[in-house]
Amino acid sequence: MATALIILAAGMGTRMNSDLPKVLHQIGGAPMLIHAMKSGAALDPEQIVIVAGNGAKIVEKAAKSYDPDIHTALQKEQHGTGHAVAQAREALKGFDGDAIVLYGDTPFVRPETLAAMAAARLTHDVVVLGFEAADPGRYGRLIMKTDQLDRIVEYKDANEEERAVNLCNSGVVAAKADTLFELVNAVGNDNAAGEYYLTDIIGIARSKGLTATVVRCDEAETLGINSRAELSAAEALFQNRTRQAAQEGGVTLTAPETVFFAHDTVIGRDTIIEPNVVFGPGVTIESGTTIRAFSHLEGCHISRGAVVGPYARLRPGAELAEDVKIGNFVEVKNAQIAEGAKVNHLSYIGDAQIGERSNIGAGTITCNYDGVFKHQTNIGAEVFIGSNTMLVAPISIGDGAMTASGSVVTKDVPPGDLAVARAQQSNKPGFATRFFEKLKALKAKGS
Ligand code: UD1
Ligand code: CA
């Protein structure tokens with residue numbers, strides 16, 4: 001059956017105490033809204049509607065940067081979750097399939113759980129995702145009658161007996177889109193909060209003779225984020241899961257609790273990651289590489305057999321071919337480094353290409369920026385760049401060429417040549433000896 005996602009993301013998020021809409025706060029380097037979209041993607045949705053309100057423009061922009069085909073529905077004033085769902089009606093006009101409601105602040109629902117809900121929809125008109133809460137707190141309570149879900153009671157409106165129930169509402173609901181909008185239409189706001197509760201659709205559905213059931217999941221999946229403390233708890237949960245998944249995927253993490261992943265980090269088998277490595281977004285690492293301690297990687301691709309770090313920084317556009325070595329205190333940005341090349345110590349390589357098996361000496365810098373424009377450095381194959389060479393871009397160094405240490409290279413170097421660009425050395429015979437004798441004599445006189 002064709003599926004549409006309705007993701008609720010209009011709320012204020014008052015408890016975040018932030019200028020940023022709640023759903024744009026990040027976990028693993030991506031807005032929590034993107035996490036919700038990613039879990040929903042498991043259902044291969046035909047349409048995705050984001051219901052936005054607070055910060056609607058930037059919420060829409062963030063969602064579109066992940067999936068340009070999404071629709072947004074504007075909920076100008078937030079009158080509750082039922083009212084929010086109703087705003088998606090226009091965007092889904094003529095859609096003939098199931099709709100699943102997700103929350104933008106509930107990022108961890110697993111694909112398998114959504115698949116179980118889709119399966120339950122084959123036998124029931126409305127399916128709600130629920131969980132047994134260790135501490136049910138202020139969650140809505142799921143009230144069962146024999147094998148059917150009979151209604152949902154919000155905490156604020158619940159009596160003692162209902163509050164004692166610990167089967168809780170996650171907020172995720174699935175129904176035929178037409179049915180969902182028809183039910184939402186019938187929801188009123190005569191309750192403790194004066195809001196249009198999405199949760200009321202269950203009681204309404206049952207009174208119309210429709211069937212309703214609950215699919216249960218683990219409480220950790222339905223973790224909702226309302227405060228900075230909950231955001232950091234969610235980050236910790238995300239990191240733990242991702243570390244575990246990396247290990248199950250055949251990656252060695254020497255000290256897993258010190259390694260931080262992004263939402264899209266991809267790492268091949270038999271890679272070793274030493275302690276205190278941080279991944280920003282957009283990193284892919286092939287099998288059999290080693291990432292040594294205290295390295296920071298973002299937007300880069302590392303091929304088989306490469307060794308990075310310790311203390312290396314790879315920035316967006318760093319592309320390392322097989323068996324490349326990047327050593328300590330080396331920064332690489334927007335640069336392609338070909339097979340077997342080495343940049344082992346204290347260098348900046350930006351806007352550059354380095355050919356196969358070239359060796360870049362300690363302290364080499366590509367001077368890529370003139371204060372206004374960025375310029376390119378091209379280094380051929382089997383080049384030897386002497387230590388402490390400044391390569392003033394735009395510049396090309398031909399295959400098999402060499403630069404003398406300490407050179408400031410401003411002109412292209414043809415293949416096979418040596419470039420020397422530094423002051424000539426002159427030695428002054430005996431000068432040092434005479435100089436120090438004079439100074440020591442002065443000191444002995446006590447002056
Ligand atoms: C809701 C459920 C509750 C459930 C809990 C799970 C209702 C009435 N209650 O309560 O049963 O246990 O979630 O976390 O549905 N939103 C809008 N527009 C609005 C109101 C909310 O887009 O007018 C969005 C929010 O941005 C948020 C989501 O809907 O992403 C949930 O809203 P929230 O106010 O946090 O609902 P809860 O009170 O937590
Ligand atoms: Ca909430």
Side-chain angles (χ1 to χ4, degrees), residues 5-16 18 20-25 31-37 39-40 49-56 59-60 62-63 72-88 100-109 126 128-133 135-143 149 151-158 162-163 165-173 180 183-184 187-204 214 216-217 219-227 229-231 234:
L5 299 181
I6 301 174
I7 306 183
L8 305 191
M12 266 291 280
T14 320
R15 286 166 59 201
M16 294 300 283
S18 174
L20 194 67
K22 177 165 77 175
V23 295
L24 296 188
H25 284 267
M32 54 178 111
L33 174 62
I34 303 299
H35 289 266
M37 288 170 70
S39 33
V49 183
I50 311 280
V51 180
N54 284 284
V59 168
E60 178 175 33
T72 39
L74 189 63
Q75 188 194 22
K76 276 205 203 84
E77 286 171 19
Q78 286 75 54
H79 296 303
T81 48
H83 180 252
V85 168
Q87 310 310 308
I100 289 210
V101 179
L102 301 176
Y103 288 176
D105 67 352
T106 306
F108 295 135
V109 181
V126 186
V128 169
L129 182 63
F131 60 99
E132 299 280 351
D135 169 15
R138 305 187 65 81
Y139 285 117
R141 306 298 205 266
L142 302 183
I143 310 296
L149 174 60
R151 63 205 161 87
I152 305 178
V153 193
E154 285 306 292
Y155 175 80
K156 282 184 189 168
D157 303 287
E162 289 161 340
R163 285 181 181 182
V165 170
N166 62 358
L167 180 61
C168 292
N169 177 30
S170 70
V172 182
V173 181
L180 178 71
L183 292 171
V184 158
V187 169
N189 67 348
D190 181 17
N191 53 50
E195 286 186 356
Y196 295 87
Y197 292 159
L198 176 60
T199 44
D200 281 355
I201 66 169
I202 303 302
I204 297 168
V214 178
R216 290 165 204 240
C217 71
E219 188 171 0
E221 277 186 59
T222 64
L223 182 80
I225 293 148
N226 302 295
S227 64
E230 285 170 1
L231 182 66

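Note that the structure is predicted; figures quoted are calculated from it, not measured. Whatever order the structure lists ligands and atoms in, that order sets their numbers, starting from 1.
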- Message: Tell me which residues fall inside the under-4.0 Å heavy-atom shell around ligand 1.
- Response: Leu8, Ala9, Ala10, Gly11, Gln75, Gln78, His79, Gly80, Thr81, Ala84, Tyr103, Gly104, Asp105, Tyr139, Gly140, Glu154, Asn169, Ser170, Tyr197, Thr199
- With Tyr197 via ring pair (Phe, Tyr, Trp, His ring centres under 6.0 Å) - residues at least two apart: none
- Going by heavy atoms in the side chains, are Val23 and Ile50 under 4.5 Å from each other? no
- Item | Nearest non-hydrogen partners of Arg163 and Tyr155, listed with the distance | NH2-O, 3.0 Å
- Item | Close side-chain approach of Val51 and Ile6, heavy atoms under 4.5 Å | yes
- Got a salt bridge between Lys22 and Glu230, using NZ or NE/NH1/NH2 to carboxylate O under 4.0 Å? no
- Straight-line distance of Asn191 CG to Lys156 NZ, nearest 0.5 Å: 8.5 Å
